[in-house]
Amino acid sequence: LKANLLPENKTYSLKYLDSRQGGFIDFAQGILEGKAGEIHIGVHRGLIFEVTNRAVNTLLFIQGCALGLAIIASLILADILVRPIRRFLEVVKQVRQGNLSIQTGLVSEDEVGKLAKAFDEMVKVLKQTQEDLKNLATQAKGIVASVPNALIVIDGKGAILSVNPAALKLCGRKERELLHKNIVEI
């Protein structure tokens, strides 16, 4: 076994040494700058590798756990962020199919919440407008039916939209025979 002697111009020395029990690292430090002697600390190489491997494995495990938690957290966060948009799209689909009684039910101060609130208000106005148009159509039919003279209502292209009873009597036809035909054809 070779000794790890401290050189004269240095205060410490680190050297790898071989022995019958295996390699070890010897750390030599001078006491009072080498005037009072030296102190040597030897650590078996196997112990260093064992501690190093344990530390590396522990760090890898911690990093793996942190990565796993980050992935889980990002999936949860993504679901939280996307859920209102999915709800909003479902309501848009139903409104497109004619359901004007549905609302998003989304209440928040972010952009999606503000958009949902504006959409809900638009659907309410659209529903009210549709009801108003139905009422006006009913009133118009009542007015057309109550006119004692023959009255035929046409659109801009001449298609018959409505016919009152006096006009039906004058033409000698049924309403279904006249509706949507061009006025020129009768």
> From Leu106 CG over to Lys117 NZ, what is the distance, rounded to the nearest 0.5 angstrom?
Replying inline: 13.0 Å

> Are Arg86 and Glu90 within salt-bridge range, i.e. N to O under 4.0 Å?
Replying inline: no

> In Å, rounded to the nearest 0.5 Å, how long is the span from CG of Asp18 to CZ of Arg45?
Replying inline: 7.5 Å

>> Please identify which of these residues, Ile48, Val51, Asp26, meets the side chain to side chain contact (heavy atoms under 4.5 Å, CB included) condition with Val43.
In response: Ile48

> Going hydrophobic residue to hydrophobic residue with side-chain gaps under 4.5 angstrom, can you get from Leu14 over to Leu47?
Replying inline: yes

>> Using a 3.5 Å distance criterion without hydrogens, assess whether the side chain of Glu38 forms a donor-acceptor pair with backbone atoms of Ile31.
In response: no

> To the nearest 0.5 Å, how far apart are CG in Leu89 and CZ in Arg96?
Replying inline: 9.5 Å

> Is there a side chain to side chain contact (heavy atoms under 4.5 Å, CB included) between Leu75 and Asp79 once you walk through the steps?
Replying inline: CA-CA 6 Å; Leu75 290 173; Asp79 185 57; over 6 Å; no

> For Ser108 and Gly113, which heavy atoms make the closest approach, and how far apart are they?
Replying inline: OG-CA, 3.2 Å

>> Show, in sequence, the C-alpha distance, side-chain angles and deciding distance for Arg54 and Glu50, and conclude whether the side chain to side chain contact (heavy atoms under 4.5 Å, CB included) test is met.
In response: CA-CA 6 Å; Arg54 199 175 319 141; Glu50 182 183 323; 2.7 Å; yes

> Quick one: side-chain hydrogen bond (donor to acceptor under 3.5 Å, both in side chains) pairs with a partner in residues 129-154, sequence neighbours left out?
Replying inline: Gln128-Asp132

>> Enumerate the side-chain hydrogen bond (donor to acceptor under 3.5 Å, both in side chains) contacts for residues 152-175, please, sequence neighbours excluded, ordered by first and then second residue.
In response: none

>> Could you go through Ile183 and Ile152, starting from their C-alpha distance and side-chain angles, then the distance that decides it, and tell me whether this counts as side chain to side chain contact (heavy atoms under 4.5 Å, CB included)?
In response: CA-CA 9 Å; Ile183 191 74; Ile152 300 175; 3.9 Å; yes

>> Using 0.5 Å steps for rounding, measure from the CG atom of Leu115 to the CZ atom of Phe119.
In response: 8.5 Å

> Okay, side chain of Asp120, backbone of Thr104: is any donor-acceptor separation there less than 3.5 Å?
Replying inline: yes

> Closest approach of Lys127 and Ser101, non-hydrogen atoms and distance?
Replying inline: NZ-OG, 3.3 Å

> Would you say Phe24 and Phe49 are hydrophobically clustered, going by side-chain heavy atoms of ILVMFWY under 4.5 Å?
Replying inline: no

>> As an exercise, state the distance from CG of Leu170 to CG of Leu151, rounded to the nearest 0.5 Å.
In response: 12.0 Å

> Same cluster for Leu179 and Val184 if Ile/Leu/Val/Met/Phe/Trp/Tyr side chains link at under 4.5 Å?
Replying inline: yes

>> Hydrophobic cluster membership, with links at side-chain heavy-atom distances under 4.5 Å among I/L/V/M/F/W/Y: are Val92 and Val123 in one?
In response: yes

>> Does atom OH (Tyr12) have a neighbourhood of more than 12 heavy atoms from anything else shown, all under 6.0 Å?
In response: no

> Below 4.0 angstrom, N of the basic side chain to O of the carboxylate: do Asp110 and Lys114 qualify?
Replying inline: no

> Between Pro84 and Val112, which heavy-atom pair has the shortest distance, and what is it?
Replying inline: CB-CG1, 4.0 Å

> How far apart are the closest heavy atoms of Ile25 and Tyr16, and which atoms are they?
Replying inline: CG1-CD1, 4.1 Å

> In terms of hydrophobic clusters joined by side-chain contacts under 4.5 Å, are Val144 and Leu178 together?
Replying inline: no

> Are the side chain of Asn99 and the backbone of Val95 linked by a donor-acceptor contact shorter than 3.5 Å?
Replying inline: no

> If you round to the nearest 0.5 Å, how far is NZ of Lys124 from CD of Gln103?
Replying inline: 5.5 Å

